[in-house]
Amino acid sequence: MPYLTLASEIRSVVAEYTKASILWIDTEIADYKSRNPRLSLIQVLDDPQDLSGDRIFVLDVLNYPDVVAEFIDKIMVNANIEKVFHNASFDVKFLANKKAKNITCTLEMAKKIPYYALPLPNYQLKTLAAELCHFKNIDKQEQGSDWGRRPLSEEQIEYAYLDCIYLAQVHQRLIELNQEIHSEPATENLTSLNARYAQLEQQWKLLDSEFANLQERIKKAMLAQNVTESSYFKLSCYERKTVKVPFTQLAKLVQTEDIDLDFPITLTQKLQKDLGENLEQLSVDIEQTTAWRLTPKNQESDENSDD
DNA sequence: CGCGCTCGTGAATTCACCTC
DNA sequence: GAGGTGAATTCACGAGCGCG
């Protein structure tokens with residue numbers, strides 16, 4: 001895991017990366033608590049199979065803002081290179097932000113996988129690495145360490161490159177899980193899906209109804225007994241306000257003050273009825289959509305076993 | 001600590017569908 | 001057609017989470 005500190009060698013590595021089609025990237029930030037945090041390290045991996053770390057370059061960019069600019073210009077903004085991060089929005093904030101193209105976030109991928117298929121207490125990278133890829137002895141101690149100091153400790157550099165390995169491995173597993181979960185609709189086996197649904201429905205109804213009942217009782221009990229904290233729950237409240245104005249007043253204001261305010265209003269059935277024939281004077285824009293819905297058939301009559 | 005999200009909550013609306 | 005019902009949708013808001 002080459003640790004590069006010279007601007008010239010970092011530049012040449014960045015130049016090499018422009019040929020890659022996908023890169024796994026992590027960053028370390030110095031002074032994250034302060035008002036102006038700085039980019040300390042950029043760790044890049046270009047081969048997800050690599051577990052040794054040989055293919056990871058740890059780029060020390062703390063004192064090279066112009067090298068960072070080059071990285072942004074050649075890699076981050078380049079739509080031809082897919083960039084994989086965990087919680088991408090955090091790292092990308094320091095790397096081109098909104099201008100970054102072709103970003104993949106493993107945190108978002110993980111969250112999209114339904115809970116039953118990936119039952120985890122949280123979606124931190126270390127949790128995913130441990131549960132999804134069975135990495136042992138994952139250390140996150142260095143995460144909060146001082147990334148602004150130089151030289152960095154052995155442990156810090158070790159930690160920095162390990163994160164990239166976790167990232168690439170987790171990413172691969174998430175892709176696999178995704179394929180299992182979100183299968184091709186055209187080739188799904190409807191019979192087995194229906195069977196599984198029916199099998200779960202009864203259990204689910206029992207659980208769901210008791211669950212809802214418990215929630216309601218606990219809430220009401222805590223309210224009645226003036227308890228804001230119980231062993232499992234916190235009870236909080238908030239003010240909610242909706243600002244309203246008569247439509248005629250708003251319309252008049254916009255007219256008289258010549259305010260630039262125009263947007264489509266949904267004419268609900270009630271409004272259409274209230275307008276009556278006046279509706280014909282308006283140039284309405286009719287949007288047609290199709291809504292599909294699943295309706296369970298009545299299963300209890302087992303007489304209709306027709307095919 | 002702080003940013004930038006997403007998510008859960010509960011009320012209000014809307015609408016399809018059913019019955020009378 | 002009136003009226004009821006349940007599902008879906010919308011909205012304001014705060015809680016909570018991930019990163020270092």
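Heavy-atom basis, side chains included; hydrogens, waters and symmetry copies ignored.
Residue Asn36(A) contributes atom CG, which lies 13 Å from atom P of dC3(B) at whole-angstrom precision. Atom CD of Glu229(A) is separated from atom C1' of dA15(C) by 14 Å (rounded to the nearest Å). Here dG2(B) presents its P atom at 14 Å from CZ of Phe90(A), a figure rounded to the nearest Å. Between Glu216(A) atom CD and dG8(B) atom P the separation is 19 Å, expressed in whole Å. Distance Asp31(A) CG to dC1(B) P: 17 Å, rounded to the nearest Å. For Leu41(A) and dC19(C), the CG to C1' distance is 15 Å, given to the nearest whole Å. The NZ-C1' distance, from Lys112(A) to dT6(B), rounds to 12 Å in whole Å. When rounded to the nearest whole Å, the span between CZ of Arg38(A) and P of dG2(B) equals 18 Å.
Among the atoms of the strands shown, none is found under 4.0 Å from any heavy atom of Asp146(A). Residue contacts for Asn122(A): at a heavy-atom cut-off of 4.0 Å it reaches the sugar-phosphate backbone alone, with no base atom in range. When heavy atoms are screened at a 4.0 angstrom cut-off, Ser145(A) is found touching no nucleic acid atom at all. Residue contacts for Gln143(A): at a heavy-atom cut-off of 4.0 Å it reaches a base atom on one of the strands shown. Asn97(A) comes within 4.0 angstrom of no nucleic acid atom, judged by non-hydrogen atoms across all strands.
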For residues 107-120 of chain A, run the donor-acceptor check on the side chains, cut-off 3.5 Å, and write out each pair with its distance to 0.1 Å, sequence neighbours left out.
none

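Not one side-chain nitrogen or oxygen of Lys111(A) sits closer than 4.0 Å to the OP1 or OP2 atom of dC17(C). For dC19(C), the OP1/OP2 oxygens have a side-chain nitrogen or oxygen of His86(A) closer than 4.0 Å.
The side chain of Leu107(A) has dG18(C) as its nearest neighbour among dG16(C), dG18(C), dT9(B).
Aromatic ring pairs are classed by plane angle as parallel below 30°, tilted from 30° to 60° and perpendicular above 60°; the pair Phe57(A) and Tyr17(A) is perpendicular.
Note: Trp24(A) CH2 to Gln172(A) CD = 5.5 Å, rounded to the nearest 0.5 Å.
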Practice task
List the steps and the verdict of side-chain hydrogen bond (donor to acceptor under 3.5 Å, both in side chains) for Glu28(A) and Gln143(A).
Solution key: CA-CA 8 Å; Glu28(A) 305 304 331; Gln143(A) 181 171 324; over 6 Å; no
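Of the possible polar contacts, none joining the Lys220(A) side chain to the Ile218(A) backbone as a donor-acceptor pair under 3.5 Å is found.
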